[in-house]
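See structure below.
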Amino acid sequence: MPYASLRDFMALLEKEGKLVRVSEPVSTDLEMTEIQTRLLAEQGPAVLFENPINEHGEPAKMPVLVNLFGTVDRVAMGMQRKPEELREVGETLAFLRQPEPPASIREALGMLPVLKNAMSMRPKTVRGAPCQEVVLTGDQIDLNNLPIQTCWPGEPAPLITWPLVVTKGPGNEKADNFNLGIYRMQKLGKNRTIMRWLKHRGGAQHFQRWKKEKTEPLPVAAVIGADPGTILAAVTPVPDTLSEYQFAGLLRGEKVELVDCKTVPLKVPATAEIILEGYVSLDDYEDEGPYGDHTGYYNSVEPFPVFTVTAITMRKNPVYLSTFTGRPPDEQCPRRSFKRGVYSSTSATVPGNR
Amino acid sequence: MKKAYPGHAKRVMMGAWSFLRQFMYTKFLIIVDDDIDARDWKDVMWAVSTRMDPVRDITKIENTPIDYLDFASPESGLGGKLALDATNKMPPETHREWGEKIQMSEEVVNKITESWEKLGLPGSGKPIWK
């Protein structure tokens, strides 16, 4: 059975001693980063900070989960697989991006099960979802109520580090289907952030196509904390023509359940923890950064479009999922080791790669 | 090395290869700044991947003396040398704004070291910063 939610996965991790609770107050300002770097260096557990303190020294309103996928073991667990089985996931992915038609009928028949699987994994829409137990709109919206981490000294503002950003293109082609990507979001105020999607990423591609056809801002939803299959699908490089929601279904072996957002025409995972609904402006840009990045240095400042929140929906007792990026090892490394499995099995597209 | 002027790394390369006769058997050199631990391969590779351009910062020399035991060299006793300049670049080596290294504040590092036991977390809790 796939994990229905992040908390399902957390419960199993805790039972196996792979998630530890910290009741001591810990600040979202630098302290969580420092603790996670030490845990990562020794393949330590995931941590739930039960009493986080925000950057103003006040107790935060919800716990913070870090180092969730800090080991290859936990990445594999998130996919309900053993570490040595990750390669198969890569092979499925290599197959899905294969540009050539099958060479023979036999080969075509061999593909059928995978294709059938991929097709049957279209997400289904449900009504009444845990991620909408609480709905905050208008003046109730205040990002200061989220325990958003400040990862490194000298950074300009707290940073939402692990949002699954949901977008949809302007049309009905496959490439316009739901895309999930992780783009860091610099907090600007109570209801505004910057959306830092790099030009070649799925969200930015949707944004560009949208901008050509439309004048109104692009609807966007940022999912913070979801079931592990959906999170891992979102960090996996899948072909543009395959929605990450569908790939998540394939990974989980069960369809992803989605719910309609309250204020934007998008769908989000029903069992998620926190959702930020809103719009990305087509012409309002702000300077983003400098933030510490996986290179081990601070990025240079670049302008990116502004995201305005129209609703925050969440569970009654939500968990805020966070991480940091910094000089390796950081939490992206175990995820990259999964990608390495993907690349090593791209024999379908790279001549001579076997 | 403690880089003091543009091109300094190249001088170090040439110096290393020329200093004593035995040094000419060194086929490969990697030059790093003094904040990098030359005996820590991870540290060195971090400098290589972040501080050098694979085309601009490579020095190749042909037909240099080499140990005849080195069967990979094109001629017995005569072969090439390669050096990587993985130092931070300064104008006019680069005209771009250069990266500033991330460093956790000492105050936070010390605070977490002191409170590690109280946090109840497993592991040595040793800081990663040098």
Side-chain angles (χ1 to χ4, degrees), chain A residues 17-53 55 66-67 70-71 150-155 289-302 324-330 333, chain B residues 3 30 32-38 40-54 57 84 86-91 93-130:
Chain A
K18 293 169 181 169
L19 182 148
V20 174
R21 289 167 188 268
V22 170
S23 53
E24 275 294 304
V26 171
S27 175
T28 57
D29 186 22
L30 307 182
E31 293 184 8
M32 289 181 182
T33 305
E34 180 55 23
I35 291 171
Q36 198 187 346
T37 58
R38 299 185 192 196
L39 290 169
L40 269 166
E42 299 179 1
Q43 278 85 51
V47 179
L48 185 69
F49 294 109
E50 295 179 309
N51 295 300
I53 305 291
E55 74 270 25
V66 306
N67 207 27
T71 61
T150 299
C151 300
W152 298 109
E155 291 180 340
Y291 282 101
D293 211 340
H294 62 272
T295 56
Y297 301 84
Y298 292 93
N299 289 141
S300 50
V301 174
E302 292 273 337
F324 73 92
T325 56
R327 188 180 151 176
D330 64 8
C333 294
Chain B
K3 186 163 169 175
I30 302 175
V32 293
D33 296 298
D34 67 340
D35 67 325
I36 300 294
D37 180 356
D40 179 349
W41 189 239
K42 277 189 187 156
D43 222 21
V44 172
M45 288 320 287
W46 178 60
V48 166
S49 49
T50 60
R51 296 180 184 178
M52 70 167 280
D53 175 77
D57 298 325
L84 310 183
T87 61
N88 283 312
K89 302 301 179 294
M90 56 174 68
E93 295 171 339
T94 183
H95 297 286
R96 297 195 54 197
E97 187 191 340
W98 204 249
E100 189 199 332
K101 204 163 73 162
I102 299 174
Q103 179 78 36
M104 183 49 80
S105 83
E106 215 179 301
E107 192 191 331
V108 172
V109 172
N110 292 338
K111 185 178 170 190
I112 299 301
T113 301
E114 279 160 29
S115 61
W116 193 262
E117 222 160 284
K118 229 172 26 180
L119 292 169
L121 289 166
S124 69
K126 269 203 330 241
I128 62 158
W129 308 97
K130 289 179 223 109

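Each chain gets a letter, A, B and so on, in the order the sequences are listed, and its residues count up from 1.
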Between chain B and each of A/Val20, A/Val22, A/Ile35, count heavy-atom pairs under 4.5 Å; write down the option with the most.
A/Ile35
Only pairs of heavy atoms separated by less than 4.5 Å count here; which of A/Gly292, A/Pro153, A/Gly296 has the most with chain B?
A/Gly296
If you count heavy-atom pairs under 4.5 Å between each of [options] and chain A, which one has the most?
| options | result |
| --- | --- |
| B/Ser105, B/Ser124, B/Gly120 | B/Ser124 |
| B/Ser115, B/Gly125, B/Ser49 | B/Gly125 |
| B/Glu97, B/Lys101, B/Glu100 | B/Glu100 |

Taking every non-hydrogen atom, the tightest pair across A/Tyr297 and B/Arg51:
OH-NE, 2.7 Å
Minimum heavy-atom distance B/Thr50-A/Thr295, with the two atoms named
CG2-O, 3.5 Å
Region of B/Lys111 in contact with chain A, defined by heavy-atom distances below 4.5 Å:
side chain
Using the six-membered ring wherever Trp is involved, compare the ring planes of A/Trp152 and B/Trp129 and label them parallel, tilted or perpendicular (cut-offs 30° and 60°).
perpendicular
Taking side chain to side chain contact (heavy atoms under 4.5 Å, CB included) as the test, write out the residues that go with B/Glu106, two or more places apart.
B/Asn110
For the residue pair B/Thr113 and A/Arg38, establish whether any side-chain heavy-atom pair is separated by less than 4.5 Å.
yes
Contact between B/Ile102 and A/Glu155 at the side-chain level, heavy atoms closer than 4.5 Å - yes or no?
no
Measuring heavy-atom distances to chain B, does A/Asp293 have an atom under 4.5 Å in its side chain, in its backbone, in both, or in neither?
backbone
Is there any residue in residues 25-34 of chain A with a non-hydrogen atom under 4.5 Å from a non-hydrogen atom of chain B, and which ones are they?
A/Val26, A/Leu30, A/Glu31, A/Thr33, A/Glu34
Using the side-chain contact (heavy atoms from CB on, under 4.5 Å) rule, take A/Glu42 and B/Ile128 through it: C-alpha gap first, then chi angles, then the decisive distance, then the call.
CA-CA 10 Å; A/Glu42 299 179 1; B/Ile128 62 158; over 6 Å; no
